[in-house]
Amino acid sequence: MTRMIRTARQRAGSRMLSVAGVRGDQVVANDALVGPIDSSDEWIRRRTGIVTRRYARREVLVEDLAEQAGRSALAAAAIDPARIDAVIVASISWMQTTPAMAPLVAHRLGCGPGTAAFDINAACAGYCHGIGQADALVRAGTAEHVLVIGAEKISDFIEPTDRTMSFIMGDGAGAAVVGPADEPAIGPTIWGSDGRLHGAIGLTHSWLDFKTAADDEHVPWPTARQDGPSVYRWTQTALPQLAEAAIAEAGLTPSDIDVFIPHQANLRIVEGLHQRLGFRDDVVVARDIVDSGNTSSASVPLATERLLREGLAKPGQLALQFGFGAGLAYAAQVVRLPDAVGDAGPGAPGTPSGR
């Protein structure tokens, strides 16, 4: 007689119960960065749309930002940390190869020893990867509540003279609690990668460089850099297809989308996609990049939190969110915006960023 393996009780759907975020508490204007790159405030605004970005103080670590955002999301959702079955942290700025950041953050938040905790390194797509995994875990019955965090302190990896990245990046963390729902409120995740451009975004040095360096050779601290033109060209064909696929797989059309929350990489990319995707005239568009900069895996939850906090987007509205970045990795899904918004914490900007 063949014994059957019992599976977890599956659920009809999942939903985002809350979203929260925290930004670096130091406001850094363009003029503070232009000297080393021989540039100007006008050039940065025209090229990226960024006016200011947020840096965390030197003593603040990326795990501190992750903890603050996670704690705020849990409080907003009124979920006791002991009820969290999994913690997923997306980051590229965690300083350790192992152990992962997630177990530390889960412990700090008061989650029990039975809480699964793991990291994702999908760069700026990491948070949307995490939402896709949380949705699958909840619907499969493997978890009831999942905390997803995107956290970055990119200022630790900036070379002031680099003209490709030094003026773009910012620090912050965003988090969401995902739980069960009677009907789906998170659409299918469309994800993938394009390894042909694996080297287009990354760090200047790897652990291998340190390992193979001669005894008398100095290997500089790794810093972020990108091949901007190649990445921009890729976005012009790949991102419209990604957005359209996520909407279609959710059984919707562009006219059904109320809120557009793309990764905050470049305002030109955001505005170009807004025009191309056939949204309604009243669609709300996230433009958090203007004064938060590009916060990598934190950018989508931070932009979501801000739109809801400022009242530009409403709970229950349908939002298309997606991330893309180093790898080149990407992920997208349509979600219903949550009812609860966590306190943004100290240093959160107040300048309107919506449509």
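The first residue in the sequence is number 1, and the count goes up from there. The model shown is predicted, which means the values in this text are computed figures rather than measured ones.
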(request) Taking the side chain as every heavy atom from C-beta outward, state whether Ile269 and Pro262 have any pair of such atoms under 4.5 Å apart. (result) no
(request) Taking the side chain as every heavy atom from C-beta outward, state whether Arg276 and Glu244 have any pair of such atoms under 4.5 Å apart. (result)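 Answer no - side chains too far apart.
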Backbone N or O of [Y] within a donor-acceptor pair of the [X] side chain at under 3.5 Å?
X: Asp85; Y: Glu144; result: yes
X: Thr164; Y: Arg225; result: no
X: Glu159; Y: Thr161; result: yes
X: Thr235; Y: Tyr232; result: yes
X: Asp171; Y: Ile154; result: yes
X: Arg83; Y: His145; result: no
X: Arg53; Y: Val28; result: yes
X: Ser93; Y: Lys153; result: yes
X: Ser14; Y: Arg139; result: no
X: Ser72; Y: Gln68; result: no

(request) Quick one: sort the His129 and Trp191 rings into parallel, tilted or perpendicular, breaks at 30° and 60°. (result)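 Correct class here is tilted.
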(request) Classify the ring geometry between Trp234 and Phe324 as parallel (under 30°), tilted (30 to 60°) or perpendicular (over 60°). (result)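 Trp234 and Phe324: tilted rings.
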Should [X] and [Y] be regarded as members of a common hydrophobic cluster, given that ILVMFWY residues are connected when their side-chain heavy atoms come within less than 4.5 Å of each other, either directly or indirectly?
X: Met165; Y: Leu197; value: yes
X: Ile247; Y: Val283; value: yes
X: Ile186; Y: Leu308; value: yes
X: Met16; Y: Leu74; value: no
X: Phe157; Y: Leu61; value: no

Mind listing the closest non-hydrogen atom pair of [X] and [Y] along with its distance?
X: Gly21; Y: Ala69; result: CA-CB, 4.5 Å
X: Val19; Y: Pro301; result: CG2-O, 3.8 Å
X: His263; Y: Val270; result: O-CG2, 4.1 Å
X: Ser206; Y: Asp209; result: N-OD2, 2.8 Å
X: Asp80; Y: Ala82; result: OD1-N, 2.7 Å
X: Ala326; Y: Ala123; result: N-CB, 3.5 Å

Could you measure the distance from the [atom1] atom of [X] to the [atom2] atom of [Y]? Nearest 0.5 Å is fine.
X: Leu320; Y: Leu242; atom1: CG; atom2: CG; result: 7.5 Å
X: Ile261; Y: Leu302; atom1: CD1; atom2: CG; result: 11.5 Å
X: Ile50; Y: Ile44; atom1: CD1; atom2: CD1; result: 8.0 Å
X: Asn294; Y: Leu267; atom1: CG; atom2: CG; result: 12.0 Å
X: Ile289; Y: Ile168; atom1: CD1; atom2: CD1; result: 7.5 Å
X: Arg71; Y: Ile149; atom1: CZ; atom2: CD1; result: 10.0 Å

(request) Would you please test Gln264 and Ser292 for side-chain contact (heavy atoms from CB on, under 4.5 Å) and show each step? (result) CA-CA 9 Å; Gln264 303 292 286; Ser292 294; over 6 Å; no
More than 12 foreign heavy atoms under 6.0 Å from [atom1] of [X]: is that the case here?
X: Arg196; atom1: CZ; answer: no
X: His205; atom1: NE2; answer: yes
X: His107; atom1: NE2; answer: no
X: Glu42; atom1: CD; answer: yes

(message) Assess, by modelled atom type and distance only, whether the side chains of Thr295 and Glu152 contain a donor and an acceptor separated by less than 3.5 Å.
(response)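 Per modelled atom types, Thr295 and Glu152 side chains form no pair under 3.5 Å.
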(message) Going by side-chain contact (heavy atoms from CB on, under 4.5 Å), Leu147 matches just one of Ile88, Val178, Leu109. Which one?
(response)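 The option that passes is Leu109.
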(message) If we check side-chain contact (heavy atoms from CB on, under 4.5 Å) with Thr204, which of these qualifies: Val219, Asp162, Thr223?
(response) Thr223
(message) Please determine whether salt bridge (Lys or Arg N to Asp or Glu O under 4.0 Å) holds for the pair Arg108 and Asp64, giving the CA-CA distance in whole Å, both sets of side-chain angles, and the decisive distance to 0.1 Å.
(response) CA-CA 10 Å; Arg108 285 188 180 185; Asp64 300 327; 2.8 Å; yes
(message) Is the terminal nitrogen or CZ of Arg47 (NZ for Lys, CZ for Arg) located under 6.0 angstrom from the six-membered ring centre of Phe167 and within 45° of that ring's axis?
(response)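 No; the conditions do not both hold, so Arg47 does not lie above the ring face of Phe167.
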(message) What verdict does the salt bridge (Lys or Arg N to Asp or Glu O under 4.0 Å) test give for Glu305 and Arg23, after you've listed the backbone C-alpha separation in whole Å, the side-chain angles of each residue and the deciding distance to 0.1 Å?
(response) CA-CA 11 Å; Glu305 171 270 329; Arg23 293 161 177 81; 3.0 Å; yes
(message) For Gln333 and Asp135: C-alpha separation, side-chain torsions, deciding distance, then whether side-chain contact (heavy atoms from CB on, under 4.5 Å) applies.
(response) CA-CA 10 Å; Gln333 58 266 131; Asp135 167 56; over 6 Å; no
(message) Between Ser166 and Ile37, is the side-chain contact (heavy atoms from CB on, under 4.5 Å) condition met? List the steps.
(response) CA-CA 9 Å; Ser166 63; Ile37 59 173; 3.6 Å; yes
(request) Identify, with sequence neighbours excluded, every residue that meets ring pair (Phe, Tyr, Trp, His ring centres under 6.0 Å) alongside Phe279. (result) Phe260
(request) May I ask you to say whether Arg336 pairs ionically with Asp258, meaning some side-chain N is under 4.0 Å from a carboxylate O? (result) no
(request) Just do the side-chain contact (heavy atoms from CB on, under 4.5 Å) check on Glu63 and Gln96 with the steps written out, would you? (result) CA-CA 11 Å; Glu63 56 265 41; Gln96 301 184 47; 5.8 Å; no
